[in-house]
Amino acid sequence: MEDQEMQLKVKRVSDKFTESMYVLANEPSVALYRLQEHVRRSLPELVQHKTDMQSWEEQSQGAIYSVEYACSAVKSMTNSSLYFKNIDGLLRQAINMKEQISNSQGRR
């Protein structure tokens, strides 16, 4: 009987001890500590990723600007074909006038 009583007391003590350990392990302050520990460990890597992403964004914005500028330059070149045709016509007229002047001076 004494042995059975002792086993019952030991079981109660071990159950209480297990319950206490469970409460301590899941206490909110322990959870906050683990959360803080996780943040402290992972924050530098996240900051590095953010910095890399910002750098890539700046490079991308620069490339996009360059492409847009090149596209607008090409569009303006296609729109300027009229001007080039006018220049071509004026150069031909100038050449013809020069030839006429040279021919008239050559006859004298």
Side-chain angles (χ1 to χ4, degrees):
M1 184 127 154
E2 214 174 280
D3 199 29
Q4 206 175 24
E5 198 175 302
M6 185 62 99
Q7 283 181 351
L8 184 62
K9 286 181 181 179
V10 168
K11 177 153 177 50
R12 279 189 207 149
V13 168
S14 70
D15 287 346
K16 288 288 184 184
F17 182 74
T18 303
E19 184 181 340
S20 295
M21 291 305 291
Y22 180 78
V23 168
L24 281 175
N26 293 312
E27 185 183 16
S29 63
V30 173
L32 291 175
Y33 171 76
R34 294 193 188 280
L35 184 63
Q36 176 194 10
E37 192 177 60
H38 171 72
V39 168
R40 193 171 355 114
R41 247 187 288 123
S42 63
L43 191 63
E45 185 179 343
L46 290 174
V47 168
Q48 183 62 42
H49 284 302
K50 181 181 177 185
T51 306
D52 292 344
M53 293 299 288
Q54 286 174 335
S55 172
W56 292 339
E57 181 186 16
E58 289 173 8
Q59 291 174 358
S60 298
Q61 290 297 330
I64 289 170
Y65 175 77
S66 297
V67 168
E68 288 175 348
Y69 184 74
C71 287
S72 69
V74 168
K75 284 180 184 176
S76 67
M77 289 174 94
T78 58
N79 293 338
S80 64
S81 66
L82 176 65
Y83 300 112
F84 285 122
K85 288 178 183 175
N86 286 340
I87 291 170
D88 182 51
L90 291 172
L91 285 172
R92 289 181 191 277
Q93 284 179 357
I95 291 170
N96 287 337
M97 286 183 176
K98 170 72 169 114
E99 287 175 357
Q100 286 176 0
I101 292 172
S102 294
N103 287 341
S104 68
Q105 286 178 352
R107 290 183 190 160
R108 289 184 188 184

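FYI, side chains are in, hydrogens and waters are out, and symmetry mates aren't considered; it's all heavy atoms of this structure.
- With rounding to the nearest 0.5 Å, the separation of CD in Q93 from CD in Q100 is 10.5 Å.
- In this structure, the separation between CD1 on I87 and CG on L82 is 10.0 Å, given to the nearest 0.5 Å.
- Taken to the nearest 0.5 Å, the NZ atom of K11 stands 4.0 Å off from the CG atom of D15.
- Counted within 6.0 Å of CD on E45, heavy atoms from surrounding residues, nucleotides or ligands total 12 or fewer; the atom is thus considered open.
- Scanning for salt bridge (charged side-chain N to carboxylate O under 4.0 Å, His left out) contacts around R40 gives an empty result, with sequence neighbours left out.
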* Walk me through it: do Y65 and Q61 pass the test side chain to side chain contact (heavy atoms under 4.5 Å, CB included)? => CA-CA 6 Å; Y65 175 77; Q61 290 297 330; over 6 Å; no

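- Here the NZ-CG distance, from K85 to L90, works out to 14.5 Å after rounding to the nearest 0.5 Å.
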* To do: In sequence, state the C-alpha distance, the side-chain angles, and the governing distance for E99 and N96, and then conclude on side chain to side chain contact (heavy atoms under 4.5 Å, CB included).
  => CA-CA 5 Å; E99 287 175 357; N96 287 337; 4.0 Å; yes

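- Within the 3.5 Å criterion, the main-chain N or O of T51 finds no donor-acceptor partner in the side chain of S55.
- Side-chain contact check for D52 and Q48: at least one donor-acceptor pair (N or O, by modelled atom type) lies under 3.5 Å.
- Summarising the geometry of S81 relative to T78, their closest heavy-atom pair is OG-O, 3.4 Å, with the distance given to 0.1 Å.
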* Asked: Taking it one step at a time, do W56 and Q59 satisfy side chain to side chain contact (heavy atoms under 4.5 Å, CB included)?
  -> CA-CA 5 Å; W56 292 339; Q59 291 174 358; 4.0 Å; yes

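- Here L91 contributes atom CG and N86 contributes atom CG; the two are 11.0 Å apart, rounded to the nearest 0.5 Å.
- The OH atom of Y33 sits 7.5 Å away from atom CD of Q36, with the distance rounded to the nearest 0.5 Å.
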